[in-house]
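Below is one structure, written out as structure tokens; comments come after it.
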Amino acid sequence: MASPTVKPVLRTDYQRSVADYWNKEKDPVNIKLGEVDGLYHHHYGLGQYDPAVLEAPADVRDQVMIAEMHRLETAQAEVLLDAFGDLPANPHLMDGGSGRGGTSFMANARFGARVDGVSISEEQVAFANGQAVERGVADQVRFHFKNMLDTGFETGSFNGIWTNETTMYVDLQQLYGEFARLIAPGGRYVCITGCSNDLTGLRSRAVSQIDQHYICNIHPRSEYFRALADNGFVPISVVDLTPDTIPYWELRAQSSVATGVEDPFLTAYKEGSFHYLLIVADRI
């Protein structure tokens with residue numbers, strides 16, 4: 001009897017290039033912020049920063065600025081988790097594009113959830129699983145080298161899924177088709193993402209610079225809602241977080257961990273060609 005064919009995790013040259021990027025990534029803006037309290041994120045921040053950090057003595061200014069940026073990125077994850085509302089006891093959640101695991105650990109601590117994170121970066125999966133061991137939650141929070149377009153997880157096995165700044169790397173129809181399979185009816189999907197303005201975004205030089213920096217493909221806003229509807233999801237809340245993320249970028253631009261992409265982000269947000277959205281949708 002022939003054994004079943006095992007599908008490769010990385011199936012296109014583009015996926016291999018994205019995986020290679022994140023396997024090699026050691027960006028201080030992710031590492032140094034995570035070192036503040038051991039919670040490593042791979043997303044941006046929300047909320048006003050304390051202007052006093054800019055007046056801190058020179059010998060500690062960088063340290064307090066990094067701590068403040070980390071506070072803002074953790075606040076962003078709290079906003080995402082708030083959107084799940086009331087979950088059943090001991091929920092099962094999935095983190096699509098889980099990075100170094102920060103939000104997965106927060107979800108486990110808040111909800112008592114079993115969390116499965118998936119990523120096409122083997123380096124980040126290994127790092128996050130190491131964090132789970134250090135935190136003593138490896139039996140509850142696991143990270144997998146999997147493609148979120150085809151995870152292999154059991155149909156209907158999750159109460160909810162989130163993606164946090166990862167959807168710009170994948171085809172949305174394929175993604176939400178897989179998520180529709182994975183989320184039990186009545187379950188919830190939460191997304192925070194940057195997306196382009198359908199009217200002006202495709203002509204924006206700043207949006208193109210963001211794409212180039214992260215080797216991603218930023219989707220127009222309308223594509224999200226079309227793909228969600230096509231795959232049985234009903235949006236129940238859409239929040240424009242753009243005004244709330246601009247302060248993070250203004251602080252980051254003045255920090256030692258600035259990467260050069262800060263100006264394109266600030267330009268795109270302020271010119272209106274790019275939006276930072278929270279989308280909450282229920283699986284019908």
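Tyr276 and Gln76 form a side-chain donor-acceptor contact under 3.5 Å, judged by distance and modelled atom types alone. In summary, the side chains of Ser121 and Asn23 do present a donor paired with an acceptor at a separation below 3.5 Å, with no hydrogens or angles considered.
A salt bridge between Asp20 and Lys24 is present, with a side-chain N of the basic residue lying under 4.0 Å from a carboxylate O of the acidic one. Here Arg252 does not pair with Glu73 in a salt bridge; the nearest charged N to carboxylate O distance is not below 4.0 Å. Between Lys32 and Glu35 no salt bridge is recorded (no basic side-chain N to carboxylate O distance below 4.0 Å). Note on Glu68 versus Arg71: salt bridge recorded, some NZ/NE/NH1/NH2 to OD/OE distance being below 4.0 Å. Glu271 and Arg205 are not joined by a salt bridge, as no carboxylate oxygen comes within less than 4.0 angstrom of a charged side-chain nitrogen.
Looking only at side-chain heavy atoms (C-beta outward), Thr259 and His213 come within less than 4.5 Å of each other. Taking 4.5 Å as the limit, every side-chain heavy atom of Arg188 sits out of range of all side-chain heavy atoms of Leu87. Between Thr245 and Phe265 the shortest side-chain heavy-atom distance does not fall below 4.5 Å. Residues Tyr248 and Leu46 form no side-chain contact, since every pair of their non-hydrogen atoms from C-beta on lies 4.5 Å or further apart. Contact annotation: the side chain of Met148 approaches that of Thr166 to within less than 4.5 Å [non-hydrogen atoms, C-beta and beyond].
Checked against the 6.0 Å centroid threshold, Tyr14 and Tyr21 do not count as a close aromatic pair. For Tyr176 and Tyr189, the distance between ring centers is under 6.0 angstrom.
Nearest approach of Pro247 to Gly47, heavy atoms of both residues: CB-O, 3.4 Å.
Connection of Val280 to Val234 is not established within any shared hydrophobic cluster, with ILVMFWY side chains joined at heavy-atom distances below 4.5 Å, either directly or through further cluster members.
Ring planes of Tyr44 and Tyr214: tilted class, angle from 30 to 60°.
With Asp211 contributing its side chain and Ile218 its backbone, the two residues share a donor-acceptor pair below 3.5 Å.
A side chain to side chain donor-acceptor pair (under 3.5 Å) check over residues 45-65, counting only residues at least two apart or in different chains, returns the pairs Asp62-Ser256. Listed by first and then second residue, the side chain to side chain donor-acceptor pair (under 3.5 Å) pairs involving residues 78-99 are Glu78-Arg110, Asp82-Arg110, His92-Asp116, Asp95-Ser104, Asp95-Trp162 (not counting sequence neighbours).
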Review point. Given the rule in the side chain to side chain donor-acceptor pair (under 3.5 Å) test, do Thr193 and Tyr224 qualify, once you have shown the distances and angles that lead to the verdict?
Key: CA-CA 10 Å; Thr193 189; Tyr224 283 89; 2.9 Å; yes
